[in-house]
Chemist: 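What follows is a structure written as structure tokens; I'll ask about it next.
Note that these values count all heavy atoms, side chains included, but never hydrogens, waters or copies made by symmetry. Predicted, not measured: the structure shown is a model, and the values here were computed from it.
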Amino acid sequence: MTLVKRKKFFALVGAGALAVSLAACGDDEPGGGNGGSGPGEGGSTGVPWTLGTTDTVTALDPAGSYDLGSSTLEYNIYQTLVTVPANSTEIVGDAAEECVYDDPQTLTCTLKEGLKFSNGNDLTSSDVKYSFERSIAIQDANGAAIYLLGSITDTAADGTVTLNPDAIETPDDTTVVFNLDKPDTTFQYVLTYPGAAAIVDEDTFPADVKLNDDEVVGSGPYKLSQYESGVQATLEANEEYTGENVALAETVFVKYFSEPSALKLAIESGEVDVAWRSLSPTDITDLSENDDVEVATGNGAEIRYWVWKTDGEVGKDVAVRQAAAQVFDREAIAENAYDGTVDPLYSIVPPGFGGQVDAFADKYGEPDVDAAAQILEDAGIKTPVKLTVGWTPTHYGPALEDEANELERQLEDSGLFDVDLKSTEWEQYQTIYKEGAYDLFALGWFPDYPDADTYLSPFVVDGGFFQNGYSNPAANDLVATEQGESDPAAREAAFEELQGIIAEDVPFMPSWVGQNTGIYRPEMDGVEDTLDPSFIFRFWLVSKTGE
């Protein structure tokens, strides 16, 4: 389909973009805008405040991160060319004044004048190009660039990803032109995610290796002044920042907790001002009855799912995967592991996105052991099938252990599977699951951008970011179709067909979808404003009224 020439940020609402709303228990009304003192007034004199979290950080160099713990800091430290404001699906300028599709395969971005990094260095189009080049060149398996930038890269047979020749042009200091190798309506959304598109200082970040976490430099509302992995990050308002998202607080501390119980005690005692990710369901219920804190809940698009290693000895048989999907009881997971605080998920795309269908419910219906046994019998597979199932104990919160135990119970009670349940801490886990340590393993996902594509293209194209060995040419073609299409109805049709293929092939099993919950002390303002389905915690929106 031909796009209108020079059409700025054509909207995909209704064709995969999420309709956003916020429901909160606290006193503050949800608000828009940046809440700051206005563009051109970098820095702040607001009262410092502290966020507590159990999330872990993989890397603060965008070339090496593709996880929520890392991106929470990166959204505040770095700028991207464009961004999506809180409670919105509209793409707006960040470092760029605008990005415009000249034609279906050419996107031109014009930078704002006078941009600087927090170290005082100028930010120009050269830095933008360098940022993309180095992330792709570094090839970090835990980074996002090699998975999300397919429209400007080529992947060799051995998995090596290279930037296409002339993919990025910089005709002058304020112009960046992306020459895509295919029509891609979602590329504008990819540019909003720091793991793929954060802009770094070419004079500070080495071209071929990641920069140490405590040395990173960005141009966002905050700058990193101190960092100790697993302990604390200290962010200070960036005096060089001239954008719209002006920081309200002079300093933000992020304290990292290894146990949710410790985080609960910290918010109760006032050691932290905000607790965000991840408290147990029982902790949240308990805190909701505490008059000293507010529990706010925004619409969420966090999902949990179980991935098959489809090129492994066990997972290679689609009948095994289908039989497990036929047994899988999501209602029991939601009730027994999460006390009903999450909803069962029957597609990798959560409800609320255009084109979403409950494909797994359509294909498998209610959990049925007899039907699962028949699938295995028809395929000539002897039972019980031995499965090694992996999970990680802290990265996704305490209830994942309960979920893993519930899944083990379901599979073994069917008599069709013999489960060996294993856990590994996140840093090692995200490496060894790609190497085949498990037949089936748990992962979670938060949207990189407000479009259904964010739950599909990173998952199904040639093994996805988790490198599980899955490949289906029909699925690849459908991803290319929806990415290149601007007609909402055509995109939704492609999304629906793609979800049907996933339910048939079962490269992964969706488990549940959850809300975005934050607990805060009464002197805090603005927390509810950032609790949206994007799971971006925008520090610049939050302030503390006093000690």
Chemist: Under the salt bridge (Lys or Arg N to Asp or Glu O under 4.0 Å) rule, collect the residues that match up with Lys434, sequence neighbours excluded.
Modeler: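 In terms of salt bridge (Lys or Arg N to Asp or Glu O under 4.0 Å), with neighbours along the sequence ignored, Lys434 is linked to no residue.
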
Chemist: Looking at residues at least two apart in the chain, or sitting in another chain, which of them share a ring-ring contact (aromatic ring centres under 6.0 Å, His included) with Tyr346?
Modeler: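 Tyr346: no ring-ring contact (aromatic ring centres under 6.0 Å, His included) contacts found.
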
Chemist: Find the distance between CG (Asp184) and CG (Leu107) and round it off to the nearest 0.5 Å.
Modeler: 9.5 Å

Chemist: In Å and rounded to the nearest 0.5 Å, what is the CG to CD1 distance from Leu531 to Ile536?
Modeler: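 Between atom CG of Leu531 and atom CD1 of Ile536 there are 12.0 Å.
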
Chemist: With ring-ring contact (aromatic ring centres under 6.0 Å, His included) as the rule and sequence neighbours excluded, what pairs involving residues 102-147 come up?
Modeler: Phe132-Phe178

Chemist: Check step by step if side chain to side chain contact (heavy atoms under 4.5 Å, CB included) holds for Tyr520 and Glu528.
Modeler: CA-CA 9 Å; Tyr520 61 93; Glu528 295 170 19; 2.5 Å; yes

Chemist: Do Tyr433 and Val307 have side chains that approach each other closer than 4.5 Å (heavy atoms only, starting at C-beta)?
Modeler: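 Heavy-atom side-chain distance check fails, nothing below 4.5 Å.
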
Chemist: Under 6.0 Å between ring centres: does that hold for Tyr305 and Phe459?
Modeler: yes

Chemist: Just verifying a value: how many Å separate Trp426 CH2 and Gln428 CD, rounded to the nearest 0.5 Å?
Modeler: 12.5 Å

Chemist: Please name all residues satisfying ring-ring contact (aromatic ring centres under 6.0 Å, His included) with Tyr193, sequence neighbours left out, ordered by chain then number.
Modeler: Tyr66

Chemist: Less than 6.0 Å separating the ring centroids of Phe441 and Trp308?
Modeler: no

Chemist: Please check if the side chain of Gln139 supplies one atom and the backbone of Ile136 the other of a donor-acceptor pair under 3.5 Å.
Modeler: yes

Chemist: Is Leu248 close to Leu541 at the side-chain level, that is, under 4.5 Å between some pair of heavy atoms?
Modeler: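 With C-beta onward as the side chain, the pair stays apart.
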
Chemist: How long is the gap from CG on Leu443 to CZ on Phe466, to the nearest 0.5 Å?
Modeler: 7.0 Å

Chemist: Among pairs that include at least one residue of residues 50-75, which meet salt bridge (Lys or Arg N to Asp or Glu O under 4.0 Å), considering only residues two or more places apart or in two chains?
Modeler: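 Residue pairs passing salt bridge (Lys or Arg N to Asp or Glu O under 4.0 Å), neighbours aside: Asp55-Arg277, Asp61-Arg134.
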
Chemist: Is it the case that the side chain of Thr392 and the backbone of Thr424 share a donor-acceptor pair, with hydrogens and angles ignored and the cut-off at 3.5 Å?
Modeler: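 Present.
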
Chemist: Show the numbers, then the answer: is there a salt bridge (charged side-chain N to carboxylate O under 4.0 Å, His left out) between Arg491 and Asp451?
Modeler: CA-CA 11 Å; Arg491 292 193 83 222; Asp451 183 77; 3.0 Å; yes

Chemist: For side chain to side chain donor-acceptor pair (under 3.5 Å), just list the numbers for Glu403 and Trp512, CA-CA rounded to whole Å, side-chain angles, deciding distance to a tenth of an Å, and then say yes or no.
Modeler: CA-CA 10 Å; Glu403 179 174 352; Trp512 57 261; 2.9 Å; yes

Chemist: Between Trp49 and Val272, is any pair of side-chain heavy atoms under 4.5 Å apart?
Modeler: no

Chemist: Set out, in order, the CA-CA distance, both residues' side-chain angles and the distance that settles side chain to side chain donor-acceptor pair (under 3.5 Å) for Asp154 and Asn164, then state yes or no.
Modeler: CA-CA 6 Å; Asp154 179 66; Asn164 294 335; over 6 Å; no

Chemist: For Ser229, what residues pass the side-chain hydrogen bond (donor to acceptor under 3.5 Å, both in side chains) criterion, not counting sequence neighbours?
Modeler: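 In terms of side-chain hydrogen bond (donor to acceptor under 3.5 Å, both in side chains), with neighbours along the sequence ignored, Ser229 is linked to no residue.
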
Chemist: Compare every heavy atom of Pro350 with every heavy atom of Ile348, then report the nearest pair and how far apart it is.
Modeler: O-CD, 3.6 Å

Chemist: Quick one: list whatever passes ring-ring contact (aromatic ring centres under 6.0 Å, His included) with Tyr256, sequence neighbours left out.
Modeler: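 Listed in chain order: nothing, the list is empty.
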
Chemist: Please evaluate residues Thr53 and Thr72 with respect to the criterion side chain to side chain contact (heavy atoms under 4.5 Å, CB included), reporting the C-alpha separation (whole Å), side-chain torsions for both, the decisive distance (0.1 Å), and the verdict.
Modeler: CA-CA 11 Å; Thr53 183; Thr72 295; over 6 Å; no

Chemist: Would you say the rings of Trp445 and Phe465 are close, in the sense that their centroids are separated by under 6.0 Å?
Modeler: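 Yes; Trp445 has its ring centre under 6.0 Å from that of Phe465.
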
Chemist: Verify, without hydrogens or angle tests, whether Asn238 (side chain) and Pro221 (backbone) share a donor-acceptor contact under 3.5 angstrom.
Modeler: no

Chemist: Among residues at least two apart in sequence or on other chains, which ones pass side-chain hydrogen bond (donor to acceptor under 3.5 Å, both in side chains) with Thr175?
Modeler: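 Residues passing side-chain hydrogen bond (donor to acceptor under 3.5 Å, both in side chains) with Thr175: Asp172.
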
Chemist: Would Thr124 and Asp122 satisfy side chain to side chain donor-acceptor pair (under 3.5 Å), going step by step from the backbone distance to the final call?
Modeler: CA-CA 6 Å; Thr124 70; Asp122 292 337; over 6 Å; no

Chemist: Please step through side chain to side chain donor-acceptor pair (under 3.5 Å) for the pair Asp532 and Asn299, ending with a clear verdict.
Modeler: CA-CA 6 Å; Asp532 69 1; Asn299 284 348; over 6 Å; no

Chemist: Just by distance, do the side chain of Asn468 and the backbone of Tyr470 share a donor-acceptor pair under 3.5 Å?
Modeler: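 Yes, the answer is positive, given that a donor and an acceptor are paired below the 3.5 Å cut-off.
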
Chemist: Can you check whether Ser126's main-chain N or O pairs, donor with acceptor, with Thr170's side chain at less than 3.5 Å?
Modeler: no

Chemist: Tell me if the aromatic rings of Trp391 and Tyr429 count as close, with their centers under 6.0 Å from one another.
Modeler: no

Chemist: Applying side-chain hydrogen bond (donor to acceptor under 3.5 Å, both in side chains), can you list everything that pairs with Ser347, at least two apart in sequence or on another chain?
Modeler: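 For Ser347 the side-chain hydrogen bond (donor to acceptor under 3.5 Å, both in side chains) partners, ignoring immediate neighbours, are Gln499.
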
Chemist: Please answer whether the main-chain N or O of Pro171 pairs with a side-chain N or O of Glu169 as donor and acceptor at a distance below 3.5 Å.
Modeler: no

Chemist: Below 4.5 Å, heavy atoms only, C-beta onward: do Tyr78 and Val216 meet side chain to side chain?
Modeler: yes

Chemist: For the residue pair Ser125 / Asp173, report whether a side-chain donor-acceptor contact shorter than 3.5 Å exists.
Modeler: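 No, Ser125 and Asp173 have no side-chain donor paired with an acceptor closer than 3.5 Å.
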
Chemist: Per the salt bridge (Lys or Arg N to Asp or Glu O under 4.0 Å) rule, what does the pair list look like for residues 207-233, sequence neighbours excluded?
Modeler: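 Sorted pair list: Asp140-Lys210, Lys223-Glu239.
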
Chemist: Say you draw a straight line from CG of Leu180 to OG of Ser151; how long is it, rounded to the nearest 0.5 Å?
Modeler: 5.5 Å

Chemist: Hydrogens and angles aside, do Ser219 and Gln79 bring a side-chain donor and acceptor to less than 3.5 Å of each other?
Modeler: yes

Chemist: Do any N or O atoms from the side chain of Thr54 and from the backbone of Ser278 form a donor-acceptor pair under 3.5 angstrom?
Modeler: yes

Chemist: Examine distances only and state if a side-chain atom of Ser131 and a backbone atom of Val200 form a donor-acceptor pair shorter than 3.5 Å.
Modeler: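 Yes, because the side chain of Ser131 sits within donor-acceptor range (under 3.5 Å) of the backbone of Val200.
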
Chemist: I want to check something: taking the side chain as every heavy atom from C-beta on, are Val479 and Asp477 in contact at a cut-off of under 4.5 Å?
Modeler: no

Chemist: Within this structure, what is the CG-CD distance for the pair Leu478 and Glu497, rounded to the nearest 0.5 Å?
Modeler: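 So the CG of Leu478 and the CD of Glu497 are separated by 4.5 Å.
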
Chemist: For the side chain of Asn142 and the backbone of Gly64, is there at least one donor-acceptor N/O pair under 3.5 Å apart?
Modeler: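 Not a single qualifying donor-acceptor pair exists.
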
Chemist: Is a donor on one side and an acceptor on the other found under 3.5 Å between the side chain of Asn87 and the backbone of Asp529?
Modeler: yes

Chemist: Going by the rule side-chain hydrogen bond (donor to acceptor under 3.5 Å, both in side chains), which residues pair with Thr481 if we only count those two or more places apart in sequence or in a different chain?
Modeler: none

Chemist: Excluding sequence neighbours, so at least two apart, what forms salt bridge (Lys or Arg N to Asp or Glu O under 4.0 Å) with Lys112?
Modeler: none

Chemist: Show the numbers, then the answer: is there a ring-ring contact (aromatic ring centres under 6.0 Å, His included) between Phe537 and Trp276?
Modeler: CA-CA 9 Å; Phe537 204 101; Trp276 185 66; 5.1 Å; yes

Chemist: Side chains of Lys129 and Ile168: does their closest heavy-atom pair fall under 4.5 Å?
Modeler: yes

